[in-house]
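All ligand and atom numbering here is 1-based and tracks the order in the structure.
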Amino acid sequence: MSRLVRVSPITPEAEPIREAAELIQAGRLVAFPTETVYGLGANALDEDAVGRVFEAKGRPAYNPLIAHVADLGAARELARHWSEMADRLASAFWPGPLTLVVPRAPHLPGLLTAGLPSVAVRMPAHPVALALISAARVPIAAPSANRFTRLSPTTAQHVAQGLGDRIDLILDGGATRVGIESTVLDLTGPQPRLLRPGMLGVNQIEAVAGPVLAAPQIEGEAPRPSPGMTERHYAPLAQLRTVSAAELAGSGTHTIGGEGSRTGAIVHSAPDPLVAQVIRLPAEPGGYARGLYDALHQLDAAGCQTVLVEHLPQTPAWAGVRDRLRRAAAAG
Ligand code: TXA
Ligand code: MG
């Protein structure tokens, strides 16, 4: 099992950060908190280290990683061309839950970008992440610290459960604040294009960058503009079903999953339905996102085969949460 070391999420202690940075420099793997989810970190400039990330996650090599930086200069060094648009977005939202896809510099390992001509870059808004990147003095490649297609981790315990035997050190900075992965924006075309919605909303981005092209709808085997856009992703073990508050209130919902199957529910405004386990999340997108993955982890741990999820509002503020639930519910 990997070692789990507690570190203050506000003023990270020097010693665990130094140890983690030395591991990164030695090409090893360190899981660390960001404001969105925990990342599985490795030296982004070391092809072997990046290879270990893919191996630990069981992630296919066609799906590129995000390089995390602690300052704008480091972001520029990863890019072949750093546009005025990238500059504007970075100054408005970094550090923060926004990933920018930009043309890649030639010196990056091909594995990091999965052979694409672009690279994804982000400056996370978390003191532990920033301290680690600064101390390591290299950009840190970090996907979410979960096995491929499984739930993203929002606590160090989630990381340990999923990847504990496959990484060298886990920095435990407590539960993450945002709760779902960053918004991913492609800046390689003439106009910014949303690749993955997140808690930084399109409205906020458009206020700074002008019109943003919508996330493409992916059908069947069509080529994916973002290789990570496999339909079933962020997935719990249980089968998720989105239901209306009226359906939840209907009698006999406890048998929805079939005779003898254990059913759970996630509600935010409906009254508690008659199921084995109910988790209530805040009826507001920020709080809902913060609690979502932990709720799904808990319902999995409780052995729920079916999870009923109360319908979410169709407003833009909920877009990131709706996207994750839609993927988690997609038939595997
Ligand atoms: O919040 C987050 O973004 C977390 C934390 C750890 O920073 N990281 C994360 O990484 O969610 P990951 O690897 O699970 O998701 C990265 C997404 C994937 O969908 C990937 O396909 C996409 O970004 N991506 C990476 N590089 C890309 C590129 N060059 N072009 C298009 N999409 C890219
Ligand atoms: Mg992920």
(message) Taking distance alone, with N or O pairs closer than 3.5 Å, would you say Lys57 contacts ligand 1?
(response) no
(request) Verify salt bridge (Lys or Arg N to Asp or Glu O under 4.0 Å) between Arg52 and Glu55, making sure each step is shown before the conclusion. (result) CA-CA 5 Å; Arg52 275 177 214 119; Glu55 207 176 298; over 6 Å; no
(request) For ligand 1, note which part of Asp186 has a heavy atom under 4.0 Å away: side chain, backbone, both or neither. (result) neither
(message) For Pro273 versus Val267, what's the shortest heavy-atom pair and its separation?
(response) CD-CG1, 3.8 Å
(message) Are any of the N/O atoms on Thr36, whether in the backbone or the side chain, positioned under 3.5 angstrom from an N/O atom of ligand 1?
(response) yes
(request) Determine whether Val5 and Phe32 fall in the same hydrophobic cluster, where Ile, Leu, Val, Met, Phe, Trp and Tyr are linked whenever their side-chain heavy atoms lie under 4.5 Å apart. (result) yes
(message) For Arg280, I'd like to know if atom CZ has over 12 heavy atoms of other residues, nucleotides or ligands within 6.0 Å.
(response) yes
(message) Within the 4.0 Å heavy-atom shell around Leu195, which atoms of ligand 1 are there?
(response) 31 (C), 32 (N)
(request) Please determine if the Mg ion (ligand 2) has an N/O/S atom from Ser144 lying under 2.8 Å away. (result) yes
(message) Out of all atoms in ligand 1, which are within 4.0 Å of some heavy atom of Ser182? Include the element for each.
(response) 1 (O), 2 (C), 3 (O)
(message) Please list, in number order, the atoms of ligand 1 under 4.0 Å from a heavy atom of Pro143.
(response) 10 (O), 12 (P), 13 (O)
(request) Enumerate the atoms of ligand 1 whose separation from the nearest heavy atom of Ile66 is less than 4.0 angstrom. (result) 3 (O), 8 (N), 9 (C), 10 (O), 16 (C)
(message) Can you check which of His68, His126, Arg193 brings a heavy atom nearest to atom 7 (O) of ligand 1?
(response) His68
(request) Please identify which atoms of ligand 1 are closer than 4.0 Å to at least one heavy atom of Leu116. (result) 28 (C), 29 (N), 30 (N)
(request) Within a distance under 4.0 Å of any heavy atom of Ala120, pick out the atoms of ligand 1 and give their elements. (result) 25 (C), 26 (N), 27 (C)
(request) Identify whether Leu78 and Met85 are in the same connected component of the hydrophobic contact network (ILVMFWY, side-chain heavy atoms under 4.5 Å). (result) yes
(request) Determine the interplanar angle of the His268 and Tyr288 rings, folded into 0 to 90°, and report it as parallel if under 30°, tilted if 30 to 60°, perpendicular if over 60°. (result) perpendicular
(request) Could you tell me whether Asn63 approaches ligand 1 through its side chain, its backbone, both or neither, with non-hydrogen atoms closer than 4.0 Å? (result) side chain
(request) Would you indicate which of Arg59, Glu181, Met123 comes nearest to atom 12 (P) of ligand 1 when only heavy atoms are counted? (result) Arg59
(message) Under a 4.0 Å threshold between the charged nitrogen and the carboxylate oxygen, would Arg150 count as salt-bridged to Asp300?
(response) yes
(message) Taking side-chain contact (heavy atoms from CB on, under 4.5 Å) as the criterion, tell me which of Leu308, Leu281, Leu325 meets it with Ile266.
(response) Leu281
(request) Could you tell me which atoms of ligand 1, counted from 1 in the order shown, lie closer than 4.0 angstrom to a heavy atom of Ser144? (result) 8 (N), 9 (C), 10 (O), 12 (P), 14 (O)
(message) To check you understand the geometry: which heavy-atom pair defines the closest contact between Val275 and Thr263, and what is its length?
(response) CB-O, 3.4 Å
(request) Evaluate salt bridge (Lys or Arg N to Asp or Glu O under 4.0 Å) for Asp168 paired with Arg3, printing each intermediate quantity in order. (result) CA-CA 7 Å; Asp168 299 299; Arg3 273 196 325 117; over 6 Å; no
(message) What I want to know is whether Ser118 and ligand 1 share at least one N or O pair that is separated by under 3.5 angstrom.
(response) yes
(request) Compare Thr34, Thr99, Val184 and give the one whose heavy atom is closest to atom 23 (O) of ligand 1. (result) Val184
